[in-house]
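Below is one structure, written out as structure tokens; the observations come after it.
Note that this is a predicted model, so its numbers are computed, not measured. Throughout, protein chains are lettered first and strands after them, A, B, ... in sequence-line order, and every chain is numbered starting at 1.
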2 protein chains.
Amino acid sequence: MKKVTINSVAEYAGVSKKTVSRVLNNEPNVSPATREKVLKVFEELNYKPNPIARGLAQNRSFIIGCLYDNPSKSYITRVQSGALEACQKHSYNLLIHPCELRGQDLIDNVDQLLTTSRLDGIVLTPPFSDSNELIAFLKQRNIPYARVASAIEGDDSISIRSNDEQGAFELTEHLINLGHTEIAFIKGHPDHSATENRFSGYQKALAKHGIEYRERLVAEGNFSYHSGADSAKAILDLEPRPTAVFASNDYMAAAVLKLATQREIKVPEQLSIAGFDNAPIARHIWPGLTTIAQPVEEMTRIAVEELIKHISQPQEAPFQQVLEAKLITRESTKARSDS
Amino acid sequence: MKKVTINSVAEYAGVSKKTVSRVLNNEPNVSPATREKVLKVFEELNYKPNPIARGLAQNRSFIIGCLYDNPSKSYITRVQSGALEACQKHSYNLLIHPCELRGQDLIDNVDQLLTTSRLDGIVLTPPFSDSNELIAFLKQRNIPYARVASAIEGDDSISIRSNDEQGAFELTEHLINLGHTEIAFIKGHPDHSATENRFSGYQKALAKHGIEYRERLVAEGNFSYHSGADSAKAILDLEPRPTAVFASNDYMAAAVLKLATQREIKVPEQLSIAGFDNAPIARHIWPGLTTIAQPVEEMTRIAVEELIKHISQPQEAPFQQVLEAKLITRESTKARSDS
DNA sequence: ATACAGTCTGACACCGGTGTCATAATGTCG
DNA sequence: CGACATTATGACACCGGTGTCAGACTGTAT
């Protein structure tokens, strides 16, 4: 199998390299006859352009980087799957790069990444999507980026998020409608903007229904299962015990369920539990978790598609979009028993 | 920030491009003085070689591809994390490429991947690590590859696996030592070689302890939670009901636990359940699952390291290694109650 | 026929490195 | 001290594409 390069194609078709390149890139000013002829040779020789050479000439790599630092593996998996879909569609590749937001050398780390990989663009997933420091750095380096699930509004970049506040509001209202008034809340990681939004949705729903907000019902988590276990302990020790718990993600909700089951507190009869995200675990446990389905894959897919669009032809208009979240009811929530 | 290329370094240092290149690649035949001088200029100008140009000249991309088709997200996450560690250490990048083993166009798909990305090597994760068709194709195309968790022995490629049979044997023996004799087994996906190995470990342990193997206790799964749920149904409907279930991975074990809990069968008092892999879910549910810890990250890390080593200097000797699996005891298994 | 704009095409340099080979400088040995 | 091997260095082509620009070839208006 001999290598087929642009030179062999040009020679075979009896035209210049440049003309072949024009056909390759759909450039104008090629006569239909010539174009046809070259395309035929592509077929005949089964020619595929070398992306590396192309990259060198255009100073592009056709690679998108995905930055993450997230305790939820399933979240990352979903992010990747959305990003991959967009990449494959546009013949880009996806390079994954986990690193720590709080690492002292975050900027150095990303700098290193950029110089060793020449990424064409970067998708920032939470908590990076809200890191002003990182964003400033990328701007300075002139690297295109897109932000997923970020709270920063009105800047001039690509940003897709889902409506966390609305989701949390609906979920809280669902619990209230079931008769619950003592609803504990477990916060997420303070570095994630979703944390504040979900908390705010919870508070607003309480307010709307005239239920007093009580700080003692709120525990600090960080989205990890482990933090959920700690919060669960604090909450289940409360006297009187709340009749419902709303955890800011499904992993923490699962931790609450585990502890409740260990203590032989019946869920949902004695305690309703709800999560957020609709992670796989929400339906892998019994009772299944009532939760909010967040379109993580779709958010990321759109973010990457817009990013690629932006790379090929930088426009002025920033692309911003908010997707809706949706309530999923399962067995873990039930009307409060009045006993 | 002006671009620093090999030309500017050469000019600044007062040597030729080629000499700079020599220093860059640690080639011999550079006088210590010159080397020193050039290295100093590297520092001074903060020079980083452009990997794309380097790739073009050497026909390399410094990218490793990772192929997967696996229903277990946590498995994939762990694979990635091991692969990333090795890649970062050697300044390679990791490109992830999910695709379907049973897809008609698997070969086309991989062919496409190779021509659009010029991968330097590929890590095959199950079930690809056992696909003779794919391996033949990679050989023909002369693409280096490493196989993770494959059963194929004695071929001349890099292969790392863990001792599935031994793990399953130990786990089964653990159940037998707890007094169980009616031990149901849920098989994994037939395309994965681990499936056969785990099954064989189960059978050998039964044989060693003089327990008759009964086919009716065996259900066919495919590693997905869903298949575990189906198998769980079949097993829990058996009369008399087995006193223990050994599922070939933790997701399927979790499905058994869910159904048992739904049916108010007490675990582990009335039913012991064990899984395999030590996936996160094993400790996120109650009772925690007794399982076998497989060093997935380590296997993949070693596989990628050997692959990279092989790429830079192809040796003759195939690298093959088998890592041990380890029993983790949690709450889901208990001595059989004689009631 | 002449001028001029618009379309098509190819020669050539260039992206930023590496490989080959010739040559200069140095060292070794009889 | 000359002959020869070894080490150090650079000139130059090359990897496989793209960008620039000049020139040839159309068509249309004068």
Checklist entry - So what does A:N25 touch, heavy atoms closer than 4.0 Å: a base, only the sugar-phosphate, or nothing? => result sugar-phosphate

Next on the checklist: I'd like to know if the side chain of A:S162 pairs up with that of A:Q294 as donor and acceptor (distance under 3.5 Å, no hydrogens or angles considered).
Outcome noted: yes

Checklist outcome for this item: To the nearest 0.5 Å, atom OG of B:S8 lies from atom OH of B:Y47 at 8.0 Å

Checklist entry - So where does chain B start and stop touching DNA chain D, 5' to 3', when the test is distance under 4.0 Å to a non-hydrogen atom? => result D:dT7 to D:dG16

Checklist entry - Under 4.0 Å between a Lys/Arg side-chain N and an Asp/Glu carboxylate O for B:E306 and B:K309? => result yes

Checklist entry - Without hydrogens or angle criteria, can the side chains of B:S150 and B:R161 be said to hold a donor-acceptor pair below 3.5 Å? => result no

Next on the checklist: Is it the case that atom CD in B:E36 sees more than 12 heavy atoms from other parts of the structure closer than 6.0 Å?
Outcome noted: no

Checklist entry - How sharply is the helix from C:dA1-D:dT30 to C:dG30-D:dC1 bent, taking the axes over five pairs at either end and rounding to 10 degrees? => result 50°

Checklist entry - Is it true that the NZ or CZ of A:R60 lies under 6.0 Å from the centre of A:F62's six-membered ring and within 45 degrees of the ring axis? => result yes

Next on the checklist: Counting only heavy atoms from other residues, nucleotides and ligands, does the tally under 6.0 Å from CD of B:Q321 exceed 12?
Outcome noted: yes

Item to check | Greater than 12 external heavy atoms within 6.0 Å of B:Y12's OH | outcome: no

Polar atoms only, N or O, under 3.5 Å: list the protein pairs with nucleotides 7-10 of chain C and their distances.
from: C:dT9; atom 1: OP1; to: A:S31; atom 2: OG; distance (Å): 3.3
from: C:dT9; atom 1: OP1; to: A:T34; atom 2: OG1; distance (Å): 2.6
from: C:dT9; atom 1: OP2; to: A:S31; atom 2: N; distance (Å): 2.9
from: C:dT9; atom 1: OP2; to: A:T34; atom 2: OG1; distance (Å): 3.4
from: C:dG10; atom 1: OP2; to: A:S16; atom 2: N; distance (Å): 3.1
from: C:dG10; atom 1: OP2; to: A:S16; atom 2: OG; distance (Å): 3.3
from: C:dG10; atom 1: OP2; to: A:T19; atom 2: OG1; distance (Å): 2.6
from: C:dG10; atom 1: N7; to: A:R22; atom 2: NH1; distance (Å): 3.3
from: C:dG10; atom 1: O6; to: A:R22; atom 2: NH2; distance (Å): 2.5

Next on the checklist: Under 3.5 Å, is there a donor on one side chain and an acceptor on the other for A:N70 and A:H189?
Outcome noted: no

Next on the checklist: Counting C-beta onward and ignoring hydrogens, is there a side-chain heavy-atom pair between A:L114 and A:L138 closer than 4.5 Å?
Outcome noted: yes

